[in-house]
Amino acid sequence: MSASGGTKAIVAALAANLAIAVAKFVAFLFSGSSSMLAESVHSLADSGNQGLLLLGGKKAQREATPQHPFGYGRERYIYAFLVSIVLFSVGGMFAIYEGYEKIKHPHEIDHWYWPVGVLVFAIIAETFSFRTAINESNALRGKQSWKEFVRHAKAPELPVVLLEDLGALVGLILALGGVGLALATGDGVWDGIGTLCIGILLILIAIILAAETKSLLLGEAAGVEDVKKIEAAIVDGDTVTDIIHMRTLHLGPEELLVAAKIAVQHDDTATEIATAIDAAESRIREAVPIARVIYLEPDIYRETEAAKGPDREAAPGGPTKPAEH
């Protein structure tokens, strides 16, 4: 996996979650707290999720084959989508079920110092993991807001780890609040309410992750800045005079397909056009290094064709609308 895949953040999150999962489960055994059981399953699910992200990154590095000529870059999107399903089912639904049962059949928390001590330790460990994810993300997001970064990132690993760590920290605070109120009031219902809130939180995060990774799986175009760089690189003002229309598609986080119909002079020879296309491809790759698959089709510029732009009826799958940014 490339550096932009956030391997360091994934490994940090995996180490933290494994340690926390063990500590939480031990605390559950001693205290009987449903919040601790829900949190231990949550951390175990998160550990599995980080394993899935690492596996997806490994599989995405396989070479292209005749059956998969564009390679396996989208493996990373598939495994990120699996993470959202695991977070929804194993984490969220289990916590909601456990919270409901605890509210229905409450009991006091035994050996209160176990859950409280483990939760404080877990908050410290998750803060370290979250800080690592933030530092890794800051190197990539530039001037984007955090919302824009999660929404538009083409590499899914960092947004997944960021949201998981954020959910884990908020979940720990909810668990600590539930345990604290249960101890203060002597009513175990508060422990169940804390568990229920954790489940709802995890399901909301899972839905956000599923929506974003679904968009990547369907196929997203290059970012606005990359599109501008590609357009500027194609036209040389001599042989290639204009772009009639263009499409871009991410085959993976670090692999971009560029397909464009370009306008050439009507009296250019085949040799001149071929040379111009080769030069344009070189300029595109220099401007946007992840543009690895490029198809340029020469044509004569016609106002009627160019006017159709991105809304032309010939678009694959039917007419398309300009992207909203």
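In this structure, Tyr100 places its OH atom where only 12 or fewer heavy-atom neighbours from other residues, nucleotides or ligands lie under 6.0 Å away. Shown here is Glu148, whose CD atom has more than 12 heavy atoms of other residues, nucleotides or ligands within 6.0 Å.
By the 4.5 Å heavy-atom criterion applied to side chains, Ile200 and Ile198 are not counted as neighbours. Taking 4.5 Å as the limit, every side-chain heavy atom of Pro156 sits out of range of all side-chain heavy atoms of Tyr79. Side-chain contact check for Trp190 versus Pro106: every heavy-atom pair is 4.5 Å or farther apart. When side chains are defined from C-beta on, Val189 does not count as touching Lys102, because their heavy atoms never get closer than 4.5 Å. Two residues are said to be in side-chain contact when any heavy atoms from C-beta on lie closer than 4.5 Å; Leu158 and Phe149 meet this criterion. Using a 4.5 Å cut-off on side-chain heavy atoms (C-beta onward), Trp146 and Asn138 make contact. Counting heavy atoms from C-beta on, the side chains of Leu256 and Val293 never come closer than 4.5 Å. Leu183 is listed as a side-chain neighbour of Val116, based on a closest heavy-atom distance under 4.5 Å.
Classification of the Phe70-Tyr295 ring pair by plane angle, with boundaries at 30° and 60°, yields perpendicular.
Side-chain heavy atoms closer than 4.5 Å link hydrophobic residues (I, L, V, M, F, W, Y) into clusters, and following such links, possibly through other members, connects Ile205 to Leu172. A single hydrophobic cluster is seen to contain both Val227 and Ile230, as judged by linkage of ILVMFWY side chains at heavy-atom distances under 4.5 Å, directly or through other members. Cluster membership for Tyr113 and Val118, using ILVMFWY side-chain heavy atoms within less than 4.5 angstrom, is shared. Cluster membership check: Phe121 does not share its hydrophobic cluster with Val179, using side-chain heavy-atom separations under 4.5 Å among Ile, Leu, Val, Met, Phe, Trp and Tyr. The same ILVMFWY cluster, assembled from side-chain heavy atoms under 4.5 Å apart, contains both Phe130 and Leu18.
To the nearest 0.5 Å, atom CD1 of residue Ile78 and atom OH of residue Tyr72 are 11.0 Å apart. Distance check: Glu255 CD to His250 NE2 gives 10.5 Å after rounding to the nearest 0.5 Å. Rounding to the nearest 0.5 angstrom, the gap separating the OG1 atom in Thr127 from the CD1 atom in Ile134 is 9.5 Å. Taken to the nearest 0.5 Å, the CD atom of Glu157 stands 11.5 Å off from the CG atom of Leu162. A distance of 5.5 Å separates CD in Glu281 from CD1 in Ile294, rounded to the nearest 0.5 Å. The CD1 atom of Ile10 sits 12.0 Å away from the CG atom of Asn17 when rounded to the nearest 0.5 Å.
For Thr132 (side chain) and Phe128 (main-chain N/O), a donor-acceptor pair under 3.5 Å exists by modelled atom type. Glu212 places no side-chain N or O within donor-acceptor distance of the main-chain N or O of Leu209, the cut-off being under 3.5 Å. Looking at Arg141, its side chain does come within 3.5 Å of a backbone N or O of Gln144 through a donor-acceptor pair. Using modelled atom types, one side-chain atom of Thr248 and one backbone atom of Ala222 make a donor-acceptor pair closer than 3.5 Å. The backbone N or O of Glu254 sits less than 3.5 Å from a side-chain atom of Arg292, completing a donor-acceptor pair. Side-chain atoms of Arg76 never come within 3.5 Å of backbone atoms of Gly56 as a donor-acceptor pair (strictly under, hydrogens ignored). With Lys154 contributing its side chain and Ala221 its backbone, the two residues share a donor-acceptor pair below 3.5 Å. Judged by distance alone, with hydrogens and angles left aside, the side-chain atoms of Arg62 form no donor-acceptor pair with the main-chain N or O of Gly71 at under 3.5 Å. Here the side chain of Arg285 pairs no donor or acceptor atom with the backbone of Ser282 at under 3.5 angstrom.
Val235 and Arg283 make their closest contact through C-NH2, 4.2 Å (heavy atoms, listed as atom of the first residue, atom of the second, distance). Ser129 approaches Ala13 most closely through the heavy-atom pair OG-CA, 3.2 Å. In this structure, Ala153 and Leu216 approach most closely via the heavy-atom pair O-CD2, 3.9 Å. Across all non-hydrogen atoms, the minimal contact from Ala80 to Thr213 is CB-CG2, 3.6 Å. Scanning both residues, Met246 and Ala260, for their nearest heavy atoms gives CG-CB, 3.7 Å. Closest heavy-atom contact between Leu54 and Leu14: CD1-CD2, 4.2 Å.
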Worked verdict on Leu37 versus Phe94 for side-chain contact (heavy atoms from CB on, under 4.5 Å): CA-CA 10 Å; Leu37 178 58; Phe94 176 83; 4.0 Å; yes

Apply the test side-chain contact (heavy atoms from CB on, under 4.5 Å) to residues Glu75 and Lys58: give CA-CA distance (whole Å), side-chain angles for both, the deciding distance (0.1 Å), then the verdict. CA-CA 9 Å; Glu75 288 269 17; Lys58 183 69 175 177; over 6 Å; no

Between Ile277 and Ile262, does the side-chain contact (heavy atoms from CB on, under 4.5 Å) criterion hold? Intermediate values first, please. CA-CA 9 Å; Ile277 288 175; Ile262 58 176; 4.0 Å; yes

Passes side-chain contact (heavy atoms from CB on, under 4.5 Å), Ile284 versus Ile234? Steps please. CA-CA 7 Å; Ile284 292 170; Ile234 290 177; 3.5 Å; yes

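In summary, the side chains of Asp268 and Thr239 do not present any donor paired with an acceptor at a separation below 3.5 Å, with no hydrogens or angles considered. Using a 3.5 Å distance cut-off with no hydrogens or angles, the side chains of Ser215 and Glu220 do pair a donor with an acceptor. With hydrogens and angles left out, the side-chain atoms of Ser43 and Lys24 include a donor and acceptor closer than 3.5 Å. Side chains of Glu272 and Gln265: no donor on one and acceptor on the other come within 3.5 Å.
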